*Asks:* 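Dropping the structure in here first, questions after.
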There are 2 protein chains.
Amino acid sequence: MLTVNELALESDTPAHVVRYYLRIGLIQPAAQQENGYRLFTSNDAARLRFIRMAKHLGFTLNEIKQITQHAELGESPCDDVRKIIQQRIHENRAKIEEMMKLQERMEQALEQWDLMPDGIPDGNSVCHLIESVEGSEGHCHTET
Amino acid sequence: MLTVNELALESDTPAHVVRYYLRIGLIQPAAQQENGYRLFTSNDAARLRFIRMAKHLGFTLNEIKQITQHAELGESPCDDVRKIIQQRIHENRAKIEEMMKLQERMEQALEQWDLMPDGIPDGNSVCHLIESVEGSEGHCHTET
DNA sequence: TACAACCTGTGCGTTACACATAGGTCAAGG
DNA sequence: CCTTGACCTATGTGTAACGCACAGGTTGTA
């Protein structure tokens, strides 16, 4: 039987993360000592390693919970797994594009600011650098 | 004097977002009605538009709070603004790279799974699809 | 006056942890 | 036996930026 710390070592997971997974019910202790310490088996270490794999593939902890619960009931989670990752691929692509746009905005701004001096704020303006950036009024949707 | 909803319209910001900004003290009501309703001036709308610009450039609400507080005190926030965005450019670049790696992992997995049938979980395995993905044991650091 | 539609402030939920707190455990030293 | 210190434990709270729901107030119309 392993303690939290030993389980953490065995599964290559930080101990505070193991405790977090316990808190949200993603894993359960196999047994409990009289003093309240939680005890685990090597099977729990394997489960934790599975969780790390799934996270590495982009699954959220909630999805992993669903998957393991399905598996406990003997139902195949594979169909859901395929669907989730397809969805995640779409979402991730969109996020990456968004972040690349942001990257461009930031780099353009920094370049533009190179030619501008610092300013003292007055009642009208908070920071003229930020306010000078183009496209702040109608960047996404133009109203007729 | 404007109500929350009118301020939201005036500044092109969703009303619930205005309420959130009020909650965290990013903006303050200029006055208060007897019934507790908060009232604003057109200056607050300008402030809100500034906040949206800064957010569009990747500043966090906390940073924006610092910037506006500096400006209130008559100190120029421009120096901080330059530093923050440089830092943000670095962070964002790293995040984008990380997400592109994830994207590749997900796409490779999905392709690989095309050739694999769904499986029924047994005691040893939770989801053989996920467990079949390479590089899960030693993706970052290989132990001797 | 009754009713519906809308608006108000506020509390809680989200994700995946990080940190702090308060206390328990264990071996060494006196 | 007691204490000290290092380490370990469980749990509460904080994070970013809102989204949603709730109970109640306000306004317009009949």
Side-chain angles (χ1 to χ4, degrees), chain A residues 1-40 44 48 50-68 84 87-88 91-92 95 98-99 102, chain B residues 1-40 44 48 50-68 84 87-88 91-92 95 98-99 102:
Chain A
M1 293 296 244
L2 312 165
T3 67
V4 167
N5 238 20
E6 290 162 353
L7 175 63
L9 280 176
E10 197 72 17
S11 61
D12 201 34
T13 309
H16 66 265
V17 172
V18 174
R19 291 210 176 81
Y20 172 63
Y21 291 173
L22 279 163
R23 262 209 285 214
I24 64 173
L26 186 56
I27 54 177
Q28 277 109 8
Q32 197 121 1
Q33 268 182 343
E34 296 160 1
N35 52 18
Y37 287 21
R38 292 163 288 203
L39 295 175
F40 305 87
D44 294 319
L48 257 178
F50 172 78
I51 292 171
R52 306 301 283 180
M53 286 185 212
K55 258 195 68 61
H56 190 61
L57 266 179
F59 290 87
T60 70
L61 297 182
N62 243 326
E63 288 161 351
I64 295 169
K65 201 169 175 181
Q66 306 287 328
I67 290 166
T68 55
I84 290 170
Q87 177 71 14
R88 193 65 23 89
E91 291 168 6
N92 205 50
K95 263 192 196 166
E98 209 176 309
M99 291 177 73
L102 171 62
Chain B
M1 294 294 240
L2 311 165
T3 67
V4 167
N5 237 22
E6 290 162 353
L7 175 62
L9 280 174
E10 198 73 16
S11 62
D12 201 34
T13 309
H16 66 265
V17 171
V18 175
R19 292 209 175 83
Y20 172 63
Y21 291 172
L22 281 162
R23 262 207 284 214
I24 64 172
L26 186 55
I27 54 177
Q28 277 109 7
Q32 198 119 1
Q33 270 183 341
E34 298 158 0
N35 52 16
Y37 286 20
R38 293 164 287 204
L39 295 175
F40 306 87
D44 295 318
L48 258 178
F50 172 78
I51 292 171
R52 304 303 283 181
M53 286 185 214
K55 258 195 67 62
H56 190 61
L57 267 178
F59 290 87
T60 69
L61 296 182
N62 244 326
E63 287 161 351
I64 295 168
K65 203 169 175 181
Q66 307 286 329
I67 290 166
T68 56
I84 289 170
Q87 177 72 15
R88 194 65 22 91
E91 292 168 5
N92 204 51
K95 262 191 199 169
E98 208 176 310
M99 291 178 71
L102 171 62

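No experiment lies behind these values; they were computed from the predicted model shown. First the proteins, then the strands, lettered A, B, ... as listed; each starts at 1.
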*Asks:* Going by the salt bridge (charged side-chain N to carboxylate O under 4.0 Å, His left out) test, which pairs reach into residues 54-67 of chain B, not counting sequence neighbours?
*Replies:* B:E63-B:R88

*Asks:* Once side-chain hydrogen bond (donor to acceptor under 3.5 Å, both in side chains) is applied, do any residues pair with A:T13, and if so which ones, sequence neighbours excluded?
*Replies:* A:S11

*Asks:* Going by the rule side chain to side chain contact (heavy atoms under 4.5 Å, CB included), which residues pair with A:E98 if we only count those two or more places apart in sequence or in a different chain?
*Replies:* none

*Asks:* For A:L39 and D:dT9, give me the distance from atom CG to atom P, rounded to whole Å.
*Replies:* 10 Å

*Asks:* Do nucleotides 11-18 of chain D as a string where each nucleotide becomes B, S or -: B if the base has a protein heavy atom under 4.0 Å, S if just the sugar-phosphate does, - if no protein is that close.
*Replies:* -BB--SBB

*Asks:* Could you check how far CD1 of A:I51 sits from C1' of C:dA16, rounded to whole Å?
*Replies:* 13 Å

*Asks:* Spell out, as yes or no, whether a donor-acceptor pair under 3.5 Å connects the side chain of A:N92 to the backbone of B:M99.
*Replies:* yes

*Asks:* For B:F40 and C:dG9, what is the distance between atoms CZ and C1' respectively, to the nearest whole Å?
*Replies:* 11 Å

*Asks:* Which residues pass the side-chain hydrogen bond (donor to acceptor under 3.5 Å, both in side chains) test with B:Q87, sequence neighbours left out?
*Replies:* B:E91

*Asks:* What pairs of donor and acceptor atoms, side-chain ones from residues 18-26 of chain A against any protein atom, are under 3.5 angstrom apart with sequence neighbours left out?
*Replies:*
from  : atom 1 : to    : atom 2 : distance (Å)
A:Y21 : OH     : A:R52 : NH1    : 3.2

*Asks:* Quick one: pull up CG in A:D12 and CG in A:L48 and give me the separation to the nearest 0.5 Å.
*Replies:* 10.5 Å

*Asks:* Got a second to check how far B:L61's CG is from B:I51's CD1, nearest 0.5 Å?
*Replies:* 7.5 Å

*Asks:* Do any side-chain nitrogens or oxygens of B:N5 fall under 4.0 Å of OP1 or OP2 in C:dC6?
*Replies:* no

*Asks:* Please report the distance, rounded to the nearest Å, between CG in A:L48 and C1' in C:dC17.
*Replies:* 15 Å

*Asks:* Return the set of residues passing side chain to side chain contact (heavy atoms under 4.5 Å, CB included) with A:E6 (not counting sequence neighbours), or none when no residue passes.
*Replies:* A:L2, A:T3

*Asks:* For residues 27-37 of chain B, which residues have at least one heavy atom under 4.0 Å from DNA chain C?
*Replies:* B:G36, B:Y37

*Asks:* Taking only residues two or more places apart in sequence or in another chain, which ones pass side chain to side chain contact (heavy atoms under 4.5 Å, CB included) with B:Q32?
*Replies:* B:P29, B:R38

*Asks:* Looking at CD of B:Q66 and OG1 of B:T60, how far apart are the two atoms once the value is rounded to the nearest 0.5 Å?
*Replies:* 8.5 Å

*Asks:* Please report the distance, rounded to the nearest Å, between CD1 in A:I24 and C1' in D:dA10.
*Replies:* 16 Å

*Asks:* Which pairs, protein N/O on one side and nucleotides 2-4 of chain D N/O on the other, fall under 3.5 Å?
*Replies:*
none

*Asks:* In whole angstrom, what separates A:E6's CD from D:dC7's P?
*Replies:* 16 Å

*Asks:* Check the phosphate of C:dC7 against B:T3, side-chain N and O only, distance under 4.0 Å to OP1 or OP2. Yes or no?
*Replies:* no

